[in-house]
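Comments concern the structure below.
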Amino acid sequence: MFESLDSRLEHVYYGGMAGAPTPHHLTASTRAVTSPMQLPLVQQLQQARDLAASVLDSVSFSLLSEADAMAVLGTVEDLGRRVDAARVASAADISVRSRRILGHDSLAYKNGATSGTDLITRLTRISSREAYRRVRLGENVSPRLAGTSMLPPYYPAVADALTTGDLGVDAAENIVTALDSVAARVAPNDLGTAERALVASATGAITDETRGLPGEGFAFPADLVRGMATQWQARLDPDGTAPNEPVAEPRSTVGFGLLRDGLYPLRGGVTAELRGIMNAIFDTYLSAHAAPAFPSEEEQARMDSGELIPGAEAAALSDDRNGGEKRADILRGIFEAATRDVGTPTMGGAAPTVMIHVNQADLAADRGVGWIDGVESPISLISVKQALCAGGFQKIVFGLNNEVLSLSTENRFFNRAQRRAIAARDGGCTIPGCTVPAAWCEVHHVIPWYLGGKTDIDNGVLLCWYHHHHSIDTSGWQIRMVRGKPQVRAPLCYDPTRTWRAAGGHRAGPPRSRQARPPAG
């Protein structure tokens, strides 16, 4: 297949270019400024575009073999890099021709545009942000006109690799952005060394700067190149990259954007130190079940005694949350633990409390939504019920004119003393395989409170937010209390015997003997 495509490309590209007709979609102004010597070049580009389109239209990607699919991906990317390099160079050229200093001779002025960026967006239909991005990169990797002389680009190694298609625009931008921020404070030779090393790392080339280093000759993805560029920044200009002056030291900031698609986007940034702290917390819990392992002798003994449920690791691995969703749940656990900590400041004499409002008729009919003070987006009735299960409620009766007729005393569910006792007994989330600690868990009514379940220690178990809110009613895990201690039964896919087994356990308790099996269900 590839041989026939290559022959078509050679035939069309080199055959009969001079006699091609004038493209019908060129504007009058374009024809006016296009010289006869330039016209064949435009025709060649258009014919190459049409050929590429026809070849791509003929490809059924899903029908390719695995080897061909990977080869096509690489070939298309090679083609895209060459096109992207031309896009950058062309945008930079239009920008130079549209400089305001040229007055009425500005290309933008001649075509009724306010600036070079405006003209580029009109001609290409791309966003102004993308146009600015291309122009900014192009200005750094294009030859510069100084009077009647042409000067080399600011970043010649990036320019060469970009032009030959060895370097992608995203990697080139990462390199240029990082080095440009320190260029004014770094010796030109040192800057050139960093540039060549980064280009070599991005393209897989072996140069004097990379010879003998780990990863020599390997082409790294653009994201890793960005990290390497940051390391070069710190090496070239340590005081500028991580300023030690109190005034210049960066500060973390966090805020919320406007509601969109049911979510509030987080905005801001964190310092490297805070990022490291957050990573340590996230990685600890995200990697707890990162890889399956055969049971040790101790684990096998616990399985035999009924303390460890077979398939618990598989249950953890079956979690369908992605990394971002898991990190969000970890943050939620941290914040909820902070609200329960005795050292957390109070507001109006009370600990930080999320107030959720729901209509009692909606709650009884199992329909409707709930509302949180200070948040315009509603929450589901499922979330309302889980909040009631873990927290409590206060009944308010309104009159016909929306006046408050009565306000009940607060019905708190599990109080602090009960929670401490349950946490000491369970040690963490009751679901086997879950590593969320007790401080981050909520207390769940084994017999639901709306079915008459009592709010006492013998009816409460610890569940993490994920298992409490997302899966306890749908995952197949079942919980019961026997002589004041929780037992769990795994779904059929994890434990075909569906045996009830003891769950949780405080660390100071005596070890179970192999004969001390829990009663079977």
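In what follows, residues are counted from 1 in the order of the sequence shown.
- Using a distance-only test at 3.5 Å, with no hydrogens or angles considered, no donor-acceptor pair links the side chain of Arg144 to the main chain of Asn140.
- Between Tyr109 and His104, the ring-plane angle classifies as parallel under the 30° and 60° cut-offs.
- Asp426 contributes atom CG, which lies 4.5 Å from atom CG of Leu462 (distance to the nearest 0.5 angstrom).
- Residues Asp160 and Thr164 fail the side-chain proximity criterion, which asks for heavy atoms closer than 4.5 Å.
- Expressed to the nearest 0.5 Å, how far CG of Leu198 lies from OG1 of Thr210 amounts to 10.5 Å.
- Side-chain atoms of Glu195 come within 3.5 Å of backbone N or O of Val158 as a donor-acceptor pair.
- The residues Glu139 and Arg136 are annotated as not salt-bridged, no charged nitrogen and carboxylate oxygen being separated by less than 4.0 angstrom.
- Put simply, CD on Gln46 and CG on Leu41 are 10.0 Å apart, with the number rounded to the nearest 0.5 Å.
- Using a cut-off of 4.0 Å between Lys/Arg side-chain N and Asp/Glu carboxylate O, Arg81 and Asp84 are scored as not salt-bridged.
- Considering Thr193, Val186, Ile175, Asp190 as possible partners of Trp232, the one that fulfils the side chain to side chain contact (heavy atoms under 4.5 Å, CB included) test is Thr193.
- For the atom pair OG of Ser98 and CD1 of Ile120, the computed distance is 7.0 Å after rounding to the nearest 0.5 Å.
- Between Leu263 atom CG and Leu258 atom CG the span is 13.0 Å, to the nearest 0.5 Å.
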Test salt bridge (Lys or Arg N to Asp or Glu O under 4.0 Å) applied to Asp78 and Arg82, step by step: CA-CA 7 Å; Asp78 288 342; Arg82 296 299 297 267; over 6 Å; no
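- Under the 3.5 Å distance criterion, the side-chain polar atoms of Ser106 are left unmatched by any main-chain donor or acceptor of Leu102.
- For the pair Pro153 and Pro143, the tightest heavy-atom approach, listed with the atom from each and the gap, is CG-N, 3.9 Å.
- In summary, Arg97 and Asp93 engage in a salt bridge, as defined by a charged side-chain N under 4.0 Å from a carboxylate O.
- Taking 4.5 Å as the limit, every side-chain heavy atom of Thr163 sits out of range of all side-chain heavy atoms of Val141.
- Using modelled atom types, one side-chain atom of Ser142 and one backbone atom of Gly138 make a donor-acceptor pair closer than 3.5 Å.
- Contact record, Tyr264 with Gly257: CD2-O, 3.6 Å, taken as the closest heavy-atom pair.
- Arg419 and Val443 make their closest contact through NH1-CG2, 3.6 Å (heavy atoms, listed as atom of the first residue, atom of the second, distance).
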Take Val176 and Glu173 through the test side chain to side chain contact (heavy atoms under 4.5 Å, CB included) and record every step on the way to the result. CA-CA 5 Å; Val176 169; Glu173 189 175 30; 5.9 Å; no
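- A donor-acceptor contact shorter than 3.5 Å is absent between the side chain of Asp68 and the backbone of Leu64.
- Of the possible polar contacts, one joining the Ser181 side chain to the Ala178 backbone as a donor-acceptor pair under 3.5 Å is found.
- With Arg122 contributing its side chain and Leu119 its backbone, the two residues share no donor-acceptor pair below 3.5 Å.
- The minimum heavy-atom distance between Ala183 and Leu191, with the atom names listed, is CB-CD2, 3.8 Å.
- Contact between Ala172 and Leu162 at its shortest, heavy atoms only, is CB-CD1, 4.0 Å.
- Within the 4.5 Å cutoff, side-chain heavy atoms of Arg211 are placed close to those of Ile206.
- Counting only distance, with no hydrogens or angles, the side chain of Ser90 and the backbone of Arg87 share no donor-acceptor pair below 3.5 Å.
- To the nearest 0.5 Å, atoms OG (Ser128) and CZ (Arg133) are separated by 13.5 Å.
- A distance-only check finds a donor-acceptor pair linking the side chain of Thr121 to the backbone of Thr117 [under 3.5 Å].
- The two residues Gly116 and Ile94 make their nearest non-hydrogen contact at O-CG2, 4.5 Å.
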I'd like to know whether Val76 forms a side chain to side chain contact (heavy atoms under 4.5 Å, CB included) with Leu56, so could you lay out the CA-CA distance, the side-chain angles of the two residues, the decisive distance to 0.1 Å, and finally the verdict. CA-CA 9 Å; Val76 171; Leu56 292 174; 4.2 Å; yes
